[in-house]
Amino acid sequence: MSKLFVANWKSNKTLEEVRQWMDDFKVELNDDQEIVIAPPYPFLSLVADKIKDLPGVSLAVQNLSSFPAGSYTGEVCVRNLEGLGVKYAIVGHSERRRYLKESHQDVANKVSQALNNGITPIVCIDQDYMEDQAQLIESDLLSQCVVAYEPLVAIGTGENAPVKEVAKVVKEIKEVFGEVPVLYGGSVSPDNVILYLEITDGVLVGGASLDVGVFAELIKSN
Ligand code: 13P
């Protein structure tokens, strides 16, 4: 399987900044690399258009409604994404669990919404609730997830997790979810990315994906 490099821009960037980032994004990918860009919703269509002729580059949403289409004001559901070519949905990011009070059940419902509509969920977890989260996901869907291990203490802090510890959790995740691709996220940078690529299937990158030059450097360090 390809190594995934997921750029999670979170709630950053203006329309003009997104245009500039996309115009400046010129990296030659190896066959075994897949780049995934997760912009804020208003820029999905622009990014979709810019990447349509770029092999190896895919589109993700940063969140997904746990409901189907209907009267859920402010939510973005799978049906709203039809035709945009969204391949992945990040679900259960710790920032959403923390600030938006997303429950494990909400996240499990998002996994069902995604997989029942052809989108692969990237389920973010920390070690202490990994099993509780997995238990709520329908058992036949578990092994179709991509799982991202994002230890809270490593997110946005510059304190990337020790590689040995990540390797141990990757093993535990595979015991619980099955043979799923596992990503690491938390202060990944061009200087440390190589360490994580040796023991995972890719990286989920926040801060270091905002600057296109830094992100390109990170991809090239592979
Ligand atoms: P940072 O790379 O900024 O630590 O963010 C990690 C993250 O939360 C990606 O989803």
Side-chain angles (χ1 to χ4, degrees), residues 3-13 17-18 21 25 33-41 43-44 47 57-64 76 86-102 104 106-107 110-111 114 119-130 133 145-163 165-166 169-170 173 177 180-222:
K3 295 283 182 190
L4 290 182
F5 295 76
V6 186
N8 177 10
W9 291 347
K10 308 190 179 182
S11 266
N12 293 291
K13 299 199 180 293
E17 287 166 352
V18 172
W21 197 103
F25 182 63
Q33 292 178 319
E34 180 178 356
I35 309 305
V36 183
I37 302 176
Y41 287 133
F43 312 131
L44 278 175
V47 175
V57 185
S58 318
L59 188 60
V61 283
Q62 297 177 15
N63 179 38
L64 191 63
V76 174
V86 172
K87 183 170 176 189
Y88 299 97
I90 298 172
V91 295
H93 194 283
S94 61
E95 287 151 8
R96 297 199 58 83
R97 295 180 192 261
R98 191 174 176 188
Y99 302 123
L100 285 306
K101 307 288 174 238
E102 266 186 18
H104 300 332
D106 294 331
V107 176
K110 290 173 189 218
V111 167
I119 294 176
T120 301
I122 299 175
V123 186
C124 301
I125 48 108
D126 202 345
Q127 197 179 8
D128 51 344
Y129 56 80
M130 166 174 55
Q133 179 60 81
C145 296
V146 171
V147 178
Y149 170 47
E150 292 213 309
L152 204 53
V153 288
I155 297 179
T157 58
E159 304 282 332
N160 53 301
V163 175
E165 185 188 306
V166 176
V169 178
V170 169
I173 290 172
F177 280 77
V180 292
V182 179
L183 315 181
Y184 167 74
S187 299
V188 173
S189 72
D191 294 336
N192 62 33
V193 65
I194 190 81
L195 302 172
Y196 298 108
L197 292 173
E198 278 166 17
I199 54 160
T200 65
D201 300 289
V203 284
L204 182 47
V205 187
S209 72
L210 294 177
D211 182 296
V212 68
V214 175
F215 190 57
E217 204 187 321
L218 191 149
I219 294 164
K220 275 190 265 170
S221 337
N222 179 206

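Ligands are counted one by one from 1 in listed order, and the atoms in each one are counted from 1 as well. When reading the values below, keep in mind they use all heavy atoms of this one structure, side chains included, and skip hydrogens, waters and symmetry mates.
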If the cut-off is 4.0 Å to any non-hydrogen atom of [X], which atoms of ligand 1 fall inside it?
| X | result |
| --- | --- |
| Gly156 | 1 (P), 3 (O), 4 (O) |
| Leu204 | 9 (C), 10 (O) |
| Gly206 | 1 (P), 2 (O), 3 (O), 5 (O), 6 (C), 9 (C) |
| Glu150 | 6 (C), 7 (C), 8 (O), 9 (C), 10 (O) |
| Gly207 | 1 (P), 2 (O), 3 (O) |
| Ala154 | 4 (O) |

Original post:
Do Ser187 and ligand 1 have an N or O pair less than 3.5 Å apart?
Top reply: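 Yes, there is a polar N/O contact under 3.5 Å.
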Are the side chains of [X] and [Y] in touch, meaning some heavy atoms are under 4.5 Å apart?
| X | Y | value |
| --- | --- | --- |
| Ser189 | Asn160 | no |
| Arg96 | Val107 | no |
| Pro121 | Lys110 | no |
| Val188 | Ser209 | no |

**OP:** Hey, could you give me each pair passing ring pair (Phe, Tyr, Trp, His ring centres under 6.0 Å) that has a residue in residues 185-211? Not counting sequence neighbours.
**Re:** Tyr184-Tyr196
Original post:
What is the closest protein heavy atom to atom 5 (O) of ligand 1, and at what distance does it sit?
Top reply: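 Result for atom 5 (O) of ligand 1: Lys10 NZ, 3.3 Å.
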Subject >> Partners passing side chain to side chain contact (heavy atoms under 4.5 Å, CB included) against Asp211 (at least two apart in sequence or in another chain) >> reply: Val214
Subject >> Trp21 side chain vs Leu210 backbone, donor-acceptor pair below 3.5 Å >> reply: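 Judged by distance alone, yes, a pair lies under 3.5 Å.
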Subject >> Side chain, backbone, both or neither: the part of Ile155 lying under 4.0 Å from ligand 1 by heavy atom >> reply: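 It is both parts that get close, each with some atom under 4.0 Å.
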**OP:** Between Cys124 and ligand 1, find which residue part has any heavy-atom pair under 4.0 Å and reply side chain, backbone, both or neither.
**Re:** neither
**OP:** Give a yes-or-no answer on whether the side chains of Gln62 and His93 include a donor-acceptor pair shorter than 3.5 Å.
**Re:** no
Original post:
Does ligand 1 have an atom that lies less than 4.0 angstrom from a heavy atom of Gly186?
Top reply: yes
Original post:
Between Glu159, Glu95, His93, Gln62, which one has a non-hydrogen atom sitting closest to atom 10 (O) of ligand 1?
Top reply: His93
